[in-house]
Structures are given as C-alpha cells and as structure tokens.
Amino acid sequence: MAVLHNPKRIVVKVGTSTLTYDNGKMNIRRLRRLVTVLADVVNSGIEVALVTSGAIGVGVGKLGLKEKPGDTPGRQAAATVGQCELMFMYDKFFGEYSHIVGQLLITKSDVENEERRANLINAFEKLFHFGAIPIINENDAVAVEEIVYGDNDSLSAIVAALIQADALIILSDIDGLYDANPTENEDAQLIPVVREITDEVFAMAGGHGTKFSTGGMITKLHAAKIAASAGIDTILLNGTEPENIYKVLDGRQIGTFFKAPERKELS
Ligand code: GLU
C-alpha cells in the first residue's frame, strides 16, 4: 500500500495561504496548531525540518500595505520584515514546548555551489544533532527569481533531497490532486496515489483554472518530481487541519501520495 512506514526524518512545507488571512495578517490559530503538531511529532522521535513561506505576505500585513508591492525591491523589503515576524512567532510557539529552532535562508546558488551545499548540509546535520528544528525559507531579499515565481514547493523538495528525508509533506489549501478542477467540477475526484508524475498528471493540474495553474498545483507536482528523483515520497495534504499530519505519520491514506521509486544515492 502507498502509505508512509515509520519515517525517521521528514520535511514539512507550509504555504502563505495556510499561514495568513486574505488581508496578509498572520493566522495565529493555524500557526499555533501547526507548531503544536510538529513539536509533538519531534517529541515522538521523528526529525522535522519546516520549509515556510509567508515572509512577503506577513511583511505586507505588518507594514500595513494594502497589497503586495508591484516592484521587486518592495517585495524584498516586505519579505525581510515578514521573515522576522515569522521566526519570532515560530520561536515563541516552539519555545512553549521547549523546542529550539534555527533559521536557514537559502538561495538556489547556495545549493548549486558544491562548497556552500556541503556547508549547508553540515549545518542541517548539526541542528538535528542538537535536537533543534531547522526552519527554512528562500533568502527573498536577494533571490529575485523566487519572488517572481514564488516557488517554495521546489525549495522544500531540494531541502528534502539535501538532508535525505524519508518524506516530504506539502501542506496546501486543497485536499490533494484532483482529476479536474474541484471548484468548477463537482464530479472531480481526488487522486489518492500517483506512482509516476507523467505529462498526463501535469495535464490534470494544468487544465485547472488560473488559480491552480499559476503556482498552485503545478509547482507541487514539480516538487514531487524532484523528491521522487531522490527516492523521497511526497504527500500533498490540506493544511487547514494541521492535525492531518498525524494521519500521514500513522500510515493512513490521506491527501495524495506521490510514491517515489527506490532511493538512489545523490550524485
Ligand atoms: N519565499 C516567499 C515568502 O516567504 C514565498 C514563496 C512561495 O510562496 O512559494 O514569502
């Protein structure tokens, strides 16, 4: 059966829509619930790395801007403000459960450069060794492409491969991958298991409305593909109920499970 079996190390990715209200302000109740679940998962003996978005969204809310700035420096500035606020809240909430967090802001060039990648892996491993929880975002103040494309889904898969996680759990505002756009088609069926991410699978996501095809589902499929090529299973889950993570870890079928082929060593 395509379910998780006793993972030792997982990456959880949470997106802006899960963490914030439509006005950009932080959804404190949701964030608290997510932290409670993850703190408990770590207590159970599983290592967790959290890839978080929300820096720009929270920064926009905190700066009192009416909308996301149209210019890149504006979005970069918002991200720097929001990132502080995000980490402050994570530190505070995880701290309530006696957990320590460490922040890693990564760009593509850090991962592509052999020496910096090795340094990064060492930092991750040391954090796990210390029993701390790595919290990762793109370094939005310098990573302009990230701001333009907004793709922490791929980043989470890259992190999962870097730290050789057993699974990547992507929290989203939808229950999983559907065979048609569920907001337009009430007969749309949730696909519980995907064994290969083919063009046909991409077409299911691409055929969805603008909301899904620009960012939404497509980047999640790209992420699942990156993870699969490193032998890592991906589970796409509705993050509205962060407790769904327990069901995945209990080996239950929920959301969409992207089964990876046998793990290969990273080159
Ligand atoms: N790194 C961006 C942020 O924290 C978001 C990227 C994404 O949503 O995928 O605001």
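We count ligands from 1, going down the list as the structure has it; atoms in each ligand are counted the same way. Keep in mind that what you see is a predicted model, and the values were worked out from it rather than measured. Computed from heavy atoms alone, side chains included, the values below leave out hydrogens, waters and symmetry copies.
Looking at Asn137 against ligand 1, only its side chain comes within 4.0 Å, counting heavy atoms. Only the side chain of Asp140 comes within 4.0 Å of ligand 1, counting heavy atoms alone; its backbone N, CA, C and O stay farther away.
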Under 3.5 Å, sequence neighbours excluded: what are the donor-acceptor pairs made by side chains of residues 42-58?
| unit_1 | atom_1 | unit_2 | atom_2 | d |
| --- | --- | --- | --- | --- |
| Asn43 | OD1 | His99 | NE2 | 2.9 |
| Ser44 | OG | Val41 | O | 2.6 |
| Glu47 | OE1 | Arg9 | NE | 2.8 |
| Glu47 | OE1 | Arg9 | NH2 | 3.0 |
| Thr52 | OG1 | Tyr90 | OH | 2.8 |
| Ser53 | OG | Asn152 | ND2 | 2.9 |

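Polar contact with ligand 1: absent for Lys13 (N/O pair, distance under 3.5 Å).
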Kindly determine whether Tyr178 and Asn185 satisfy side chain to side chain donor-acceptor pair (under 3.5 Å), including the steps that lead there. CA-CA 10 Å; Tyr178 283 82; Asn185 185 342; over 6 Å; no
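With rounding to the nearest 0.5 Å, the separation of CG in Leu34 from CG in Leu38 is 4.5 Å.
Heavy atoms from other residues, nucleotides or ligands lying under 6.0 Å from CG of Asp22 number 12 at most.
The closest side-chain donor-acceptor pair between Asn137 and Gln83 falls under 3.5 angstrom.
Nearest-heavy-atom check against atom 7 (C) of ligand 1 across Gly57, Ser154, Ser53 picks out Ser53. Of all the listed residues (Ile136, Asp153, Ile56), Ile56 holds the heavy atom that lies closest to atom 10 (O) of ligand 1.
For the salt bridge (Lys or Arg N to Asp or Glu O under 4.0 Å) condition, the pairs that include at least one residue of residues 228-247, sequence neighbours left out, are Arg33-Glu241, Arg33-Glu243, Asp233-Lys259.
Ligand-side atoms of ligand 1 in range of Gly54: 3 (C), 4 (O), 10 (O), range being under 4.0 angstrom from any heavy atom. The contact set between ligand 1 and Ala55, taken as ligand atoms under 4.0 Å from a residue heavy atom, comprises 3 (C), 4 (O), 10 (O).
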